[in-house]
Amino acid sequence: MALSEFCSHFPLLCPRCRPSKPPHEFCGFVDIGGVDREVRVETPHFPRVEGMRISSDTCLQELVVSHTDQLLEAQKTSSTALEYLQKFQKVCTEAVRCDNRGREEGELQVELNESLVRCLLAHLEGLGWSRVQQVSPNFTSFTLQTRDAGERVHLLRVRVADGYPHEEPTVEADLPGGFEFNYEPSEGVAGVVRVWEARLASLQEFWDVMDQIDKVALVLDPPTPCRHHTFRRLLLGNQVNVQVTLSPQQPRHLPQCLLFGPSKRTRPITTRLTHTYEEWDAERSFVENLEHLLGESVVRECGGVEGVEQEVECPICYSLHFQGSLPDQPCEHCCTPFHAACLYDWLSSLPAARQSMNIITGECPYCSKNITCKIPV
């Protein structure tokens with residue numbers, strides 16, 4: 001039913017799937033402002049929205065970049081792949097209409113600062129036009145791109161004022177810990193790019209380890225990993241999940257580990273970890289090290305993922321992510337995890353539930369035994 005409904009709304013998208021398996025990818029076209037734009041839609045957990053990614057042509061991708069925050073919010077508030085794609089279509093269509101309206105009204109005929117434009121053109125030419133991805137019509141902002149040794153693409157967004165190069169530009173870069181630099185007016189943006197690329201080079205091993213984790217293990221959080229994220233939430237074979245936080249400077253060393261799950265399952269792992277943490281071997285792969293230390297297998301990304309996610313998602317809202325959180329409230333009897341907000345709403349609806357101070361107690365919606373939950377602030 002979910003697939004037929006999806007295809008009825010977007011008939012020009014063709015699913016790629018095996019019989020009896022949900023589609024993990026759609027290819028085709030989506031109507032954006034009256035024009036069919038070629039897109040590739042990845043839906044690893046169809047029909048749910050988790051992990052969904054949309055790739056498109058260059059023209060549409062520029063709209064996506066300029067409306068990143070709006071689209072991320074749309075993804076967070078969508079419960080299905082269909083709902084998110086409809087919001088994606090609406091946001092991009094409205095952006096195209098605004099752009100066309102601006103052209104008709106002459107809004108794009110902005111007054112340029114001639115000295116600023118000449119200075120920037122000289123600096124960008126010195127950097128090489130292959131690095132330039134986008135420049136705003138009034139030359140006050142531009143985006144640079146580069147590839148690192150691992151062929152990963154990185155973007156540097158730069159905004160300048162009329163006082164450039166004497167006035168320091170503001171920059172945005174997807175890096176762990178943010179991006180700091182000492183600005184030299186004599187170098188301009190070239191000095192910023194030099195520091196940026198040096199920082200990228202210093203993080204190669206960190207991203208190599210992170211990419212290996214993402215490729216091998218089933219990552220529960222973050223739902224869409226970015227280059228600045230230093231943590232991953234992984235599912236273990238006994239349905240406990242562990243959050244590992246890596247040091248960008250020493251990514252192959254022992255990470256910080258935080259366990260989530262019922263105490264009867266996390267306690268033995270914690271005890272083992274206190275005795276095995278010195279056995280971490282930088283020569284082994286990250287996942288192999290983690291399995292050795294914890295004494296539990298890490299659930300792999302490939303093979304049987306759909307069934308695994310059914311076991312770890314909240315059985316009240318039937319989702320893995322809700323309001324930016326994972327199911328972190330387990331029942332100590334049946335070990336089923338719930339979102340704290342979902343569990344509180346469930347318990348609040350029970351006539352027999354008891355509330356004391358900031359704790360509410362009632363029947364577990366899964367096994368009917370007693371379960372407690374803190375009242376959300």
Do you know which two heavy atoms are closest between [X] and [Y], and how far apart they sit?
X    : Y    : answer
L155 : Q133 : CD2-NE2, 3.8 Å
F260 : V240 : O-CG1, 3.3 Å
G28  : L13  : N-CD2, 3.6 Å
L293 : E279 : CD1-C, 4.1 Å
C367 : H333 : SG-CB, 4.1 Å

Check your understanding: After noting the C-alpha distance and the side-chain angles of V242 and R233, does the key distance pass the side chain to side chain contact (heavy atoms under 4.5 Å, CB included) rule?
Key -> CA-CA 6 Å; V242 56; R233 189 90 161 260; over 6 Å; no
Do any N or O atoms from the side chain of [X] and from the backbone of [Y] form a donor-acceptor pair under 3.5 angstrom?
X    : Y    : result
K215 : M210 : no
N289 : D281 : yes
Q75  : G51  : no
S141 : R159 : no
E151 : R147 : no
E83  : S79  : yes
Q212 : V287 : no
E332 : S263 : yes
H339 : L320 : yes

Any side-chain heavy atom of [X] sitting closer than 4.5 Å to one from [Y]?
X    : Y    : result
L156 : V192 : yes
R227 : L175 : no
P255 : W280 : yes

Practice item. Go through the steps to decide whether D31 and Q89 satisfy the test side chain to side chain contact (heavy atoms under 4.5 Å, CB included), and finish with yes or no. Key: CA-CA 7 Å; D31 184 340; Q89 183 184 40; 3.9 Å; yes
Practice item. Classify the ring geometry between F10 and F6 as parallel (under 30°), tilted (30 to 60°) or perpendicular (over 60°). Key: tilted
Review point. Between F181 and Y183, what is the ring plane arrangement, given parallel below 30°, perpendicular above 60°, and tilted in between?
Key: perpendicular
Salt-bridge test for [X] and [Y]: reply yes if a basic N is under 4.0 Å from a carboxylate O, no otherwise.
X    : Y    : result
E25  : R40  : yes
R131 : E125 : no
E205 : R252 : yes
R152 : D211 : yes

Can the ring centroids of [X] and [Y] be said to lie less than 6.0 angstrom from one another?
X    : Y    : value
W207 : H154 : yes
F46  : F26  : yes
Y164 : H166 : no

Check your understanding: Picking from L124, V171, L120, T170, what satisfies side chain to side chain contact (heavy atoms under 4.5 Å, CB included) with V158?
Key -> V171
Study note, to complete from the structure: Applied to residues 282-299, the salt bridge (Lys or Arg N to Asp or Glu O under 4.0 Å) test, sequence neighbours excluded, yields E291-R300
Exercise for review: Establish, yes or no, whether the cationic atom of R157 lies under 6.0 Å from the six-membered ring centre of F142 and within 45° of the ring axis.
Suggested key: no
Practice item. Run the numbers on D214 and V219 for side chain to side chain contact (heavy atoms under 4.5 Å, CB included), then give the verdict. Key: CA-CA 7 Å; D214 294 340; V219 176; 3.6 Å; yes
Practice item. Starting from the C-alpha separation in whole Å, work towards a yes-or-no answer on side chain to side chain contact (heavy atoms under 4.5 Å, CB included) for L246 and T230. Key: CA-CA 6 Å; L246 283 67; T230 60; 5.5 Å; no
